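Notes follow the structure.
In this chain, residues are counted from 1 in sequence order. Quick caveat: nothing in here was measured; it's all calculated off a predicted structure.
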Amino acid sequence: MCRTALGVTTLQDLGVCWRKEHDPAEMLRVGRAELGGWKPSWEAIVKEVAAATGHTVVLVDQTEDILAKSKKGIEESLRKVAKKKFAENPKAGDEFVEKTLSTIVTSTDAASVVHSTDLVVEAIVENLKVKNELFKRLDKFAAEHTIFASNTSSLQITSIANATTRQDRFAGLHFFNPVPVMKLVEVIKTPMTSQKTFESLVDFSKALGKHPVSCKDTPGFIVNRLLVPYLMEAIRLYERGDASKEDIDTAMKLGAGYPMGPFELLDYVGLDTTKFIVDGWHEMDAENPLHQPSPSLNKLVAENKFGKKTGEGFYKYK
């Protein structure tokens with residue numbers, strides 16, 4: 001059986017412990033740490049999904065208070081899932097929730113968790129310096145065989161891996177929001193990632209009930225490389241006065257069959273997140289017209305209007 005796991009979120013990490021030679025049902029631990037306060041974010045739901053699929057989860061954070069809030073948030077989310085999944089058998093739903101929660105333990109000592117971890121998946125703030133500092137620290141305590149993976153959606157995996165001494169055991173593992181619903185996981189292989197590491201992450205993704213796809217370490221990987229330019233072009237269409245944001249959203253939902261229009265999606269994802277990605281790409285390739293900044297996006301972010309999570313973005317939310 002595999003040994004242990006870690007997590008840090010906002011610094012939001014997530015760690016999963018697993019050994020390839022074991023049956024997926026024997027996967028043991030997933031962890032999460034929240035340095036800076038709990039938020040009901042998708043990172044917590046990743047841990048929830050891992051716990052609900054038979055993993056033992058370790059939540060790691062700075063204080064017991066934050067850990068308690070984190071676990072409460074996961075319990076609330078699990079009860080929503082159980083209500084739908086076990087609509088005709090409430091008792092079975094309660095048992096599902098209790099069993100899943102029983103696999104979640106907490107800790108405020110990341111080093112004691114990671115030293116026997118087989119897989120660490122990081123999901124912290126999209127800042128290369130912060131990620132590098134985290135992985136450099138964890139690299140000192142983790143076992144030699146431990147695989148490191150980043151859930152970054154915009155940064156180069158190679159640049160993060162270079163902060164460690166295990167480039168061959170480092171890759172990208174990009175989940176999508178909402179994690180319990182979205183089946184896709186992008187597995188990102190750098191030029192240094194070993195085939196064994198890549199296969200381990202593919203197998204782990206499948207064990208979570210996800211559908212992994214492979215991509216090289218290219219900006220935005222697959223989904224964001226296609227999605228972000230589409231979202232930015234919708235903003236430019238609106239900025240030029242060619243169409244209203246409401247009509248653009250309606251057109252893409254009714255004309256292209258998309259479940260959400262681009263402005264609805266921007267607000268859902270977070271305008272700060274989109275701006276961070278675009279700014280990073282613009283810095284790497286300033287001449288690319290797809291990567292040009294947006295005045296209206298910059299203005300909203302400067303006003304702390306990030307979308308649904310702040311109550312206002314391109315739209316207002318109650």
Under 3.5 Å, is there a donor on one side chain and an acceptor on the other for T190 and T193?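 Judged by distance alone, the side chains do pair up.
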With a 4.0 Å cut-off, would you call [X] and [Y] a salt bridge?
X    : Y    : value
R166 : D139 : yes
E75  : R79  : yes
E233 : R236 : yes
E133 : R137 : no
K245 : D249 : no
K253 : E264 : yes
D168 : K196 : no

Between [X] (side chain only) and [Y] (backbone N and O only), is there a donor and an acceptor less than 3.5 Å apart?
X    : Y    : value
E122 : K131 : no
D118 : T146 : no
E239 : S296 : yes

Are Y315 and M252 co-members of a hydrophobic cluster defined by side-chain heavy atoms under 4.5 Å apart?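 Shared cluster, yes.
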Answer yes if Y317 and L300 sit in the same cluster of Ile, Leu, Val, Met, Phe, Trp and Tyr residues linked by side chain heavy atoms under 4.5 Å apart, and no otherwise.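 Yes; L300 is reachable from Y317 via cluster members.
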cation_pi([X], [Y]) dist<6.0 Å, angle<=45:
X    : Y    : answer
R169 : F148 : no
K210 : F175 : no
K308 : Y268 : no

Flag the pair [X] / [Y] as yes when at least one side-chain heavy-atom distance between them is below 4.5 Å, and no otherwise.
X    : Y    : result
F170 : N162 : no
K189 : Q195 : yes
W281 : V228 : yes
T152 : H174 : no
I277 : S153 : yes
K206 : V202 : yes

Using side chain to side chain donor-acceptor pair (under 3.5 Å), reason through T197 and S194 one step at a time and then give a plain yes or no. CA-CA 5 Å; T197 295; S194 71; 2.9 Å; yes
With side chain to side chain donor-acceptor pair (under 3.5 Å) as the test, would you mind laying out the steps for Y238 and D247 before giving the verdict? CA-CA 10 Å; Y238 168 62; D247 282 350; over 6 Å; no
When rounded to the nearest 0.5 angstrom, what is the spacing between CG in L297 and CG in L231?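 Going from the CG atom of L297 to the CG atom of L231 covers 10.0 Å.
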